[in-house]
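Before any comments, here is the structure.
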2 protein chains.
Amino acid sequence: MIKIQQLSQEVGIGVDTLRIWERRYGFPNPERNSRGHRSYPEPQVEELRIVKKMQNLGLQPSKIFALSGAERRELLEQKQSSNLFENSALLRLVSELEPFEIDRELRHSLEAMGPQEFVYQLGLPLIHALDQGWTNGTISIAREHLVSDRLELLLKEQLRIALPQTDRNRLLCLTLSGERHKLGLLMSAVLFQCEGLECLFLNEELPLSEVPLLAGQLGVSGVALSFSAHYSGRQAKNNLATLRNSLDPNIKLIAGGHAVQQKITMPNLFICSELREISTLCRKHFSDHN
Amino acid sequence: MIKIQQLSQEVGIGVDTLRIWERRYGFPNPERNSRGHRSYPEPQVEELRIVKKMQNLGLQPSKIFALSGAERRELLEQKQSSNLFENSALLRLVSELEPFEIDRELRHSLEAMGPQEFVYQLGLPLIHALDQGWTNGTISIAREHLVSDRLELLLKEQLRIALPQTDRNRLLCLTLSGERHKLGLLMSAVLFQCEGLECLFLNEELPLSEVPLLAGQLGVSGVALSFSAHYSGRQAKNNLATLRNSLDPNIKLIAGGHAVQQKITMPNLFICSELREISTLCRKHFSDHN
DNA sequence: AATCATATCTGTCCTAGACAAAGTTGGATA
DNA sequence: TATCCAACTTTGTCTAGGACAGATATGATT
């Protein structure tokens with residue numbers, strides 16, 4: 001039984017939106033506590049996660065709410081089928097091993113595969129598995145944090161290894177205030193670095209207004225941002241527009257994450273919906289004479 | 001000129017709160033656009049950052065808004081006084097160097113001093129200097145994040161270096177919230193490790209209910225927590241009590257941070273208001289036969 | 001098949017009021 | 001003098017229902 005604000009954070013849907021969905025579509029349909037405040041039972045939270053996922057896949061609320069719960073699940077599974085838990089090594093990593101063992105495994109794999117393959121073959125599936133496991137209750141929150149924490153540290157160390165060279169392009173990678181899902185961007189940063197860019201990954205969330213200043217000071221030629229599902233598409237777009245206006249037009253913007261569909265167009269902005277696109281993107285736009 | 005939602009994100013104050021502050025205290029005092037929507041000019045954004053900072057130091061809004069802008073700045077500077085900017089090396093580190101240079105300097109100092117002295121002589125003053133520099137406008141938020149980010153990574157790597165040994169005491173370190181206090185706890189963890197404990201640092205916020213489970217799984221003999229200033233003393237006490245009840249009584253609790261004054265007493269709970277106390281604490285309570 | 005105008009959908013903002021939880025104060029008790 | 005409790009004040013989060021711009025869908029016309 002949680003309150004509306006908590007729910008909003010959990011599922012990544014604004015408080016206003018939750019209320020107006022209730023008004024318009026009759027769902028969610030919370031109980032009320034003694035104060036008359038909305039109180040959402042767990043099953044509805046779960047259902048809203050499904051709804052949010054479908055929305056991220058590009059479906060409109062009116063269409064989504066016209067379906068029954070079972071129909072939603074069916075459609076969703078049809079849209080995103082890929083069973084990650086076939087990989088038993090990954091499963092063990094995610095749910096059994098001790099912290100130092102996780103570290104050891106990850107480091108060993110990184111060594112063996114090299115950074116790029118590590119990201120593609122282990123990093124991405126790992127995040128996905130954590131996500132799925134957390135949603136369907138297989139993995140505890142604590143476990144999820146434990147594992148993602150190890151991965152995060154490893155990737156950051158990997159980023160640090162390359163020494164700065166004056167002639168290389170610099171890329172500033174950062175998440176904005178309110179954004180907490182850094183792993184995707186972190187992996188992107190590793191890939192960018194593999195393509196020869198010097199990546200500066202900023203861990204802490206930064207207010208939008210600070211970005212142009214920092215970019216200028218560091219003399220970067222690009223800024224990469226991640227918008228997870230917790231941003232609505234609209235907010236992501238607004239933020240990007242603001243940034244594009246306040247930033248040197250020569251500095252490239254690269255945006256990724258669930259919240260940015262390919263629809264946004266802006267000068268010198270590149271949407272990156274798949275990590276595999278990074279390699280092509282670099283060759284096109286960050287070649288040395290650029 | 002930004003909207004209320006954006007402002008909320010930028011300064012970390014809820015939308016409802018911003019509106020009710022306007023109603024009650026007359027500040028912020030936004031203009032309105034053609035739609036009648038609030039539109040905040042930059043100076044007010046800046047002022048709200050100051051207000052937020054004072055609130056984090058434990059002041060009530062009514063007190064804060066009773067002051068003038070100049071008085072606010074004065075009081076804030078007075079609260080976090082102790083002139084750290086005599087140290088010119090530190091000053092350079094904080095405000096001038098390139099990211100990789102910061103890294104180099106920090107690593108070099110760590111190497112030269114050893115972890116303990118590094119924390120005492122460089123880590124602590126550095127955090128303090130960042131705080132102060134932000135208040136008096138010497139350092140941008142971006143810069144602050146940049147530097148603390150480098151320190152954070154270095155400390156985390158330092159924590160990783162020690163290999164696990166079966167006979168050692170394990171300590172689980174976790175933050176329930178907050179940004180700057182993550183660094184405080186992180187430095188504590190390094191000190192604990194210097195005293196021979198195996199420290200497991202968890203980066204992100206965990207629900208209280210997850211802690212006992214995780215502690216059990218990992219077989220730790222202690223849990224260290226940090227309570228930032230926006231936890232009220234009461235809340236901190238409640239949280240600690242809940243934890244004490246749900247956790248194995250043999251597992252020690254160690255609490256630190258602004259919100260825990262020495263008032264709280266509980267079986268097997270140790271309050272640590274100063275980092276220097278850690279050494280004594282370890283010798284008393286984590287000696288080998290314990 | 002592509003373009004454009006109109007209609008519907010969607011999320012964010014508005015006002016103004018209510019109230020519990022947290023903080024403060026001051027007097028009574030140990 | 002220190003500690004505790006009750007009364008009072010402050011604070012943030014919630015409520016309802018309305019408005020409207022910008023995005024998306026629909027249908028008519030070229």
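Chain identifiers are assigned alphabetically (A, B, ...) following the order of the sequence lines, protein sequences preceding nucleic acid strands; residue numbering begins at 1 within each chain. What you see is a predicted model; the values in this text were computed from it and never measured.
Applying the side chain to side chain contact (heavy atoms under 4.5 Å, CB included) test to B/Pro61 and every residue at least two apart in sequence or in another chain returns B/Trp21, B/Tyr25, B/Gln55, B/Phe65. Remark: A/Ser8 engages A/Val15, A/Leu18 in a side chain to side chain contact (heavy atoms under 4.5 Å, CB included) (not counting sequence neighbours). Checked against side chain to side chain donor-acceptor pair (under 3.5 Å), A/Gln5 has no partners two or more places apart in sequence or in another chain. Listed by chain and number, the residues in a salt bridge (Lys or Arg N to Asp or Glu O under 4.0 Å) with B/Arg72 are B/Glu47 (sequence neighbours excluded).
Atom-to-atom, CD of B/Glu22 to P of D/dT13 comes out at 17 Å; the value is rounded to the nearest Å. Put simply, CZ on B/Arg32 is 15 Å from C1' on D/dC20, counting in whole angstrom units. Counting to the nearest Å, the C1' atom of C/dC14 and the OH atom of B/Tyr40 are 12 Å from each other.
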#### Entry: Per-nucleotide protein contact string for nucleotides 5-13 of chain C (B base, S sugar-phosphate only, - none; heavy atom under 4.0 Å)
----SBBBB
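With A/Ile254 as the partner, the side-chain contact (heavy atoms from CB on, under 4.5 Å) test is satisfied by one option alone out of A/Leu225, A/Leu281, A/Ile271: A/Leu281. When each of B/Val223, B/Ile251, B/Leu202 is tested with B/Val211 by the rule side-chain contact (heavy atoms from CB on, under 4.5 Å), just one qualifies, namely B/Val223.
Between the side chains of A/Glu277 and A/Ser273, at least one donor N or O sits under 3.5 Å from an acceptor N or O. B/Gln6 and A/Asn238 are not linked by any side-chain donor-acceptor pair at a separation below 3.5 angstrom, with hydrogens and angles left out of the test.
Over its full length, the helix from C/dA1-D/dT30 to C/dA30-D/dT1 turns its helical axis through 40°, comparing axes from the five pairs at each end and rounding to 10°.
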